[in-house]
Amino acid sequence: MVFTSFMEQALSEARAAAKRDEVPVGAVVADAQGRVIAAAGNRTRELNDPTAHAEVLAIRAACAALGSERLTGCDLYVTLEPCPMCAAAISTARIARLYYGADDPKSGGVGQGPRIFSHPQCHHAPEVYDGIAAEESEVMLRAFFLHRR
């Protein structure tokens, strides 16, 4: 199968999140056949829910679409390195491959900080590919936080 990146769609979800005054993070889940089955942007403020990160919302929607708590063979594209909570959800959902954009030195849980997938308690570690459209993700995040200060 030919590789297709869905990072542009994740960036679109991040831009929509910023318009809702949410931290601009977007996520997309593609199934094993390369079809997008879920997409989401952050909605923590809108839903008054600290777990409403883009990754968690996209995973929930993908599980509902497939009628399963496992997303075996699915890929997740996210504009920012997942936090520890989202990394744990990715592991529990059995996502096959994680593609992310910008590193998150403050709150990351994959390449930074606790590195959730490296823990012996981690039941499943996806293949991880970082730096996908990182510059565009970083610019969007910097602009969002600069505007808020």
Side-chain angles (χ1 to χ4, degrees), residues 1-113 115-117 122-145:
M1 179 167 35
V2 176
F3 172 74
T4 303
S5 174
F6 294 101
M7 190 57 81
E8 185 51 48
Q9 190 171 346
L11 287 164
S12 178
E13 291 290 337
R15 287 189 283 277
K19 288 180 182 173
R20 294 189 304 270
D21 201 31
E22 300 276 358
V23 175
V25 178
V28 171
V29 177
D31 69 11
Q33 288 72 45
R35 297 177 300 229
V36 171
I37 57 172
N42 276 357
R43 291 185 180 276
T44 59
R45 292 168 186 236
E46 175 186 345
L47 300 176
N48 298 311
D49 179 355
T51 69
H53 290 197
E55 301 94 310
V56 170
L57 295 174
I59 288 169
R60 288 175 184 163
C63 287
L66 295 181
S68 174
E69 80 281 10
R70 301 275 168 91
L71 298 175
T72 308
C74 292
D75 298 339
L76 175 66
Y77 294 81
V78 62
T79 58
L80 180 65
E81 175 184 356
C83 72
M85 175 186 70
C86 291
I90 290 163
S91 174
T92 302
R94 306 300 197 268
I95 295 283
R97 285 162 295 280
L98 167 64
Y99 300 89
Y100 71 85
D103 289 333
D104 188 350
K106 180 180 173 196
S107 301
V110 176
Q112 317 286 320
R115 295 184 168 98
I116 297 299
F117 303 138
C122 182
H123 297 292
H124 167 78
E127 295 175 29
V128 177
Y129 303 91
D130 62 351
I132 314 295
E135 186 175 344
E136 188 169 351
S137 296
E138 290 166 2
V139 166
M140 192 180 325
L141 286 158
R142 268 192 241 108
F144 177 81
F145 287 112

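Just so it is clear, the structure is predicted and the values come from calculations on it, not from any experiment.
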For this session: Nearest 0.5 Å please: distance from the OG atom of S107 over to the CG atom of L80.
Result: 8.5 Å

For this session: Go through the structure and list residues passing side chain to side chain contact (heavy atoms under 4.5 Å, CB included) with A40, not counting sequence neighbours.
Result: L57, A58

Exercise. Tell me, do I132 and Y77 make a side-chain contact under 4.5 Å, heavy atoms counted?
Worked result: no

Exercise. Who passes side chain to side chain contact (heavy atoms under 4.5 Å, CB included) against A134, sequence neighbours left out?
Worked result: E138

For this session: Please list all pairs passing the salt bridge (charged side-chain N to carboxylate O under 4.0 Å, His left out) test where one or both residues lie in residues 100-113, with sequence neighbours left out.
Result: none

Problem set entry | From CA spacing to verdict: side-chain contact (heavy atoms from CB on, under 4.5 Å), L66, C74 | CA-CA 11 Å; L66 295 181; C74 292; 4.0 Å; yes

For this session: Report the residues that fulfil side-chain hydrogen bond (donor to acceptor under 3.5 Å, both in side chains) with T44, sequence neighbours left out, ordered by chain and then residue number.
Result: E22

Seminar exercise, completed: Output for pair (N42 CG, D21 CG), nearest 0.5 Å, gives 11.5 Å

For this session: Give the minimum heavy-atom separation between P82 and C86, together with the two atoms involved.
Result: CB-CB, 3.9 Å

Exercise. Which residues satisfy the side chain to side chain contact (heavy atoms under 4.5 Å, CB included) test with P126, sequence neighbours excluded?
Worked result: I90, L98, F117, H124, V128

Problem set entry | salt bridge (charged side-chain N to carboxylate O under 4.0 Å, His left out) involving R94 - partner list, sequence neighbours excluded | none

Problem set entry | Set of residues satisfying side-chain hydrogen bond (donor to acceptor under 3.5 Å, both in side chains) with respect to D130, sequence neighbours excluded | none

For this session: Please list all pairs passing the salt bridge (charged side-chain N to carboxylate O under 4.0 Å, His left out) test where one or both residues lie in residues 80-90, with sequence neighbours left out.
Result: none

Exercise. What residues form a side-chain hydrogen bond (donor to acceptor under 3.5 Å, both in side chains) with T51, not counting sequence neighbours?
Worked result: D49, R60

Problem set entry | Set of salt bridge (charged side-chain N to carboxylate O under 4.0 Å, His left out) partners for E46, sequence neighbours left out | R20, R43

Exercise. With sequence neighbours excluded, what pairs up with E127 under the side-chain hydrogen bond (donor to acceptor under 3.5 Å, both in side chains) test?
Worked result: Y129

Exercise. How close do A87 and G109 get, heavy atom to heavy atom, and via which atoms?
Worked result: CB-O, 4.2 Å

Problem set entry | Rounded distance (nearest 0.5 Å) linking atom CG of L71 with atom CG of L76 | 9.0 Å

Exercise. Can you tell me how far CD1 of I95 sits from CD1 of I59, rounded to the nearest 0.5 angstrom?
Worked result: 5.0 Å

Problem set entry | Spatial distance of atom OG (S91) from atom CD1 (I116) [nearest 0.5 Å] | 9.0 Å

Could you tabulate the donor-acceptor pairs under 3.5 Å formed by side-chain atoms of residues 8-17, not counting sequence neighbours?
from, atom 1, to, atom 2, distance (Å)
E8, OE2, R15, NH2, 2.7
R15, NH1, E136, OE2, 2.9

Problem set entry | Short side-chain to backbone donor-acceptor contact, T79 and S137, under 3.5 Å | no

